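Since the model is a prediction, treat every value here as computed from it, not as a measurement.
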Amino acid sequence: MKIKDKSFNYIIIFGILFAMLLGRAFFMNNNETPTATPEQSEAAEIAKTSSFANRFSFFGTRDAHKAQIIDMNFSEILAASTERKIETAQIRGNIMTGTLTDGTEYRAIVDHDPALLTRLAESGAAVQLDNSRGMIDHLGTWVPILMGLLFIWWIFRGIKGGGGIGGIGRAAAASYNPTKITTGKTKTTFADVAGIDSEKQEVSEIIDFLKNPDKFKKLGARVPRGILLSGEPGTGKTLLARAIAGEANVPFFAASGSDFSGIIVGLGVAKIKEIFEMAKRNAPCILFIDEIDAIGMARGRSSFNDNDREQTLNQLLIEMDGFANDSGIIVIGATNRPDMLDRALLRPGRFDRQVYIELPNLAGREEILNLYAKKMKFAKDADLKNIARGTTGFSGADLENLLNEAALNAARSNHKEIENSDLEEARDKTLMGPKKNKKMRDWDKKLTAYHEAGHAYISVHYRDLVDPIHKATIIPRGRSLGVTQFLPTDDKVSLTVSEIRATMSVAMGGRAAEEVFLGADKITTGAEMDIAHATYLARRSITMDGLSSKIGPVAIYQVDTFGTRHALESASEKTAELVDSEIRAWMDAAHKDAKQILTKNRASVKKLAEELLVRETLTREEIEKIVIGKKPKPKTKAKK
């Protein structure tokens, strides 16, 4: 059999050497005389000459059935030796075993006392000293030595050959060459990227440069050497980088920031050199570094001395700054935390252009869903546009996962095609969690029905100011016992004061319904998320958007890149108290408004709650028919 991996041969060689060394140790140990002190040697010699015959007669004549092992202490051993009751004694370390004259076996822990050996020998006992070493002792000596030698060999083999512990860059970069497309591999292009049209426009000139560099050289233009892609996870940063390489028809080298970190100082620098040398040999090409913040973090921020990471970052800065204008190498970095990167990495000449990839809007979400839907089989009633409306804040990865959940649900339900009910179930599961088979009391069901009926009725009442209602259900999901869903018709960039006030009233509708129909002493904790959402709207409107007449257009809080609020130095304790009182006033007004609307329309709200108790789920058309007497529209087949 031919062994391709040479490291296996080295392992066999080390195993043979280990066996030889271990065998030599056993051989030498069995032929060496045990070392002892002069007194111990003298006492042992006396014991050997005085009772040589007794030592052998013991092993042949003792009756095994009469033997029993007893534990003795040091003083009992001394007393037994004085009374000549010890027949044999074998000492190994500080453990002494043997037999008494009556045939009883004993065991004791003794100290290394030459006087004891002398006393045992004079009493006629057969004494034997055992200083031999067992297999465990030899393993404890030689295994650590051999493991250390093997580890040192592994390190030097890795540094010399580019494998082993470090890899030194050769395994850090995966090459994607478009010339391999003819063998059956598909290449990623802009047709495979949806929902980020503006971002694709930002990087289109990079493709033009890689295809036609003379066009830019004649004008004296310098194309960006590096592009930093940032944005929320799942927005398509890696996919966009691959699409750039596919559109330009150039090799694509990809690595992760963690690939350049290792346990040995200097490996990161070596890997950076290796991957950039590889890129230069294959220019023009795209060099993609994902999660670049792993090595590009601002220097001096760490609480410990991370010298290896800073050396790796320095080498990356040198390599990017050393490119000639016509090298044809475009470095693309991707990160979710652009604020953590070192400023030297973002200066012109390195990452010249920063492209922030936002979460897709309504049109973008529909485009992404249609793109992924090409690989799936949908029924005629599947309405992807409706799903796009109800997935605000979803990234491209979230939408792909939603369609996959819908396909799994269709398979569980034995559907031949993915139906609209599968899409609805997948969206509800993604947003709120799976269905819970909770055994609810009749009182809890009634309370949940009135709670959701309150939300539903006020949303229809303010239908010109808030997003249209989609459905109301009392089926438990996740932590919720029921939910009222809304589907926005478009992407709202800003909200008016009236829209904010109406949205707060809808949020407080559940708590208001509990008070109106069940009593103020029967309110529950079910309005926790509703109150939190309404409070957030009020606080943001008052402290950031300047929508309060009492506070005025003053920024009480400022927001950084990730939404963390920091108090301004100009905000006094009096201003903070005024803000709290104004937020409370807005919340009380929304609560009062919701109670008034529900009290005036008790019959309609009660009918909504009773229908929810019977049917568990009501659609928008069914809710509007009860509230405003609007007949539901006839169902039409939605376009695929």
Side-chain angles (χ1 to χ4, degrees), residues 174-213 215 223-224 227-254 282 284-290 328 330-334 353-378 382-389 391 394-404 406-407 417-418 423 491 638-640:
S175 176
Y176 169 77
N177 196 328
T179 58
K180 296 180 181 179
I181 297 175
T182 55
T183 62
K185 291 186 177 181
T186 60
K187 78 174 179 180
T188 305
T189 63
F190 279 171
D192 303 310
V193 183
I196 50 174
D197 295 335
S198 59
E199 288 79 2
K200 289 192 290 186
Q201 185 65 30
E202 282 284 328
V203 299
S204 59
E205 60 189 31
I206 302 298
I207 301 172
D208 293 338
F209 168 75
L210 294 172
K211 287 184 175 181
N212 188 14
K215 172 184 176 181
V223 175
I227 301 175
L228 180 65
L229 303 178
S230 60
E232 296 291 332
T235 50
K237 297 182 290 294
T238 303
L239 184 64
L240 181 60
R242 287 186 175 273
I244 295 173
E247 288 287 338
N249 200 33
V250 296
F252 178 78
F253 297 95
N282 293 273
C285 65
I286 297 292
L287 176 57
F288 177 64
I289 304 177
D290 196 9
I330 303 297
V331 182
I332 300 178
R353 181 169 299 178
Q354 299 184 36
V355 179
Y356 182 78
I357 303 179
E358 297 181 348
L359 293 171
N361 54 19
L362 176 59
R365 293 193 298 273
E366 186 177 358
E367 186 180 351
I368 293 173
L369 288 172
N370 289 326
L371 176 64
Y372 287 120
K374 293 179 180 178
K375 303 177 182 179
M376 299 180 175
K377 189 176 182 181
F378 286 88
D383 191 354
L384 294 180
K385 185 175 183 179
N386 194 28
I387 298 298
R389 290 173 55 195
T391 51
F394 275 44
S395 65
D398 295 331
L399 295 172
E400 190 274 337
N401 181 66
L402 187 148
L403 291 181
N404 185 63
E417 296 176 326
I418 302 175
L423 292 171
D491 295 305
K639 293 183 179 180
K640 184 177 178 181

Are side-chain heavy atoms of [X] and [Y] found at a separation under 4.5 Å?
X      : Y      : result
Ile387 : Phe394 : no
Glu232 : Tyr356 : yes
Leu384 : Leu423 : yes
Glu367 : Asp197 : yes

Rounded to the nearest 0.5 Å, what's the gap from [atom1] on [X] to [atom2] on [Y]? Could you check?
X      : Y      : atom1 : atom2 : result
Lys385 : Leu369 : NZ    : CG    : 13.0 Å
Arg242 : Ile286 : CZ    : CD1   : 12.0 Å
Ile289 : Leu229 : CD1   : CG    : 12.0 Å
Phe253 : Leu287 : CZ    : CG    : 8.5 Å

State, to 0.1 Å, how close [X] and [Y] come at their nearest heavy-atom pair, and which atoms those are.
X      : Y      : answer
Asn282 : Pro251 : O-CG, 4.0 Å
Glu247 : Thr189 : OE2-CB, 3.2 Å
Ser204 : Gln201 : OG-O, 2.8 Å
Asn404 : Met376 : N-CE, 4.1 Å
Leu403 : Ala373 : CD1-N, 4.1 Å
Tyr372 : Gly396 : CE1-O, 3.9 Å

Scan Val203, Thr238, Ile244, Ile206 and name whichever one has a side chain to side chain contact (heavy atoms under 4.5 Å, CB included) with Ile332.
Ile244

Do side-chain atoms of [X] reach the backbone of [Y] as a donor and acceptor pair under 3.5 angstrom?
X      : Y      : answer
Asp398 : Ser395 : yes
Asn370 : Glu366 : yes
Arg353 : Ile227 : no
Lys200 : Leu240 : no

side-chain contact (heavy atoms from CB on, under 4.5 Å) between Ile196 and Thr235, intermediate numbers included:
CA-CA 9 Å; Ile196 50 174; Thr235 50; 6.0 Å; no

Given side-chain contact (heavy atoms from CB on, under 4.5 Å), test Thr188 with Phe252 step by step and report yes or no.
CA-CA 11 Å; Thr188 305; Phe252 178 78; over 6 Å; no

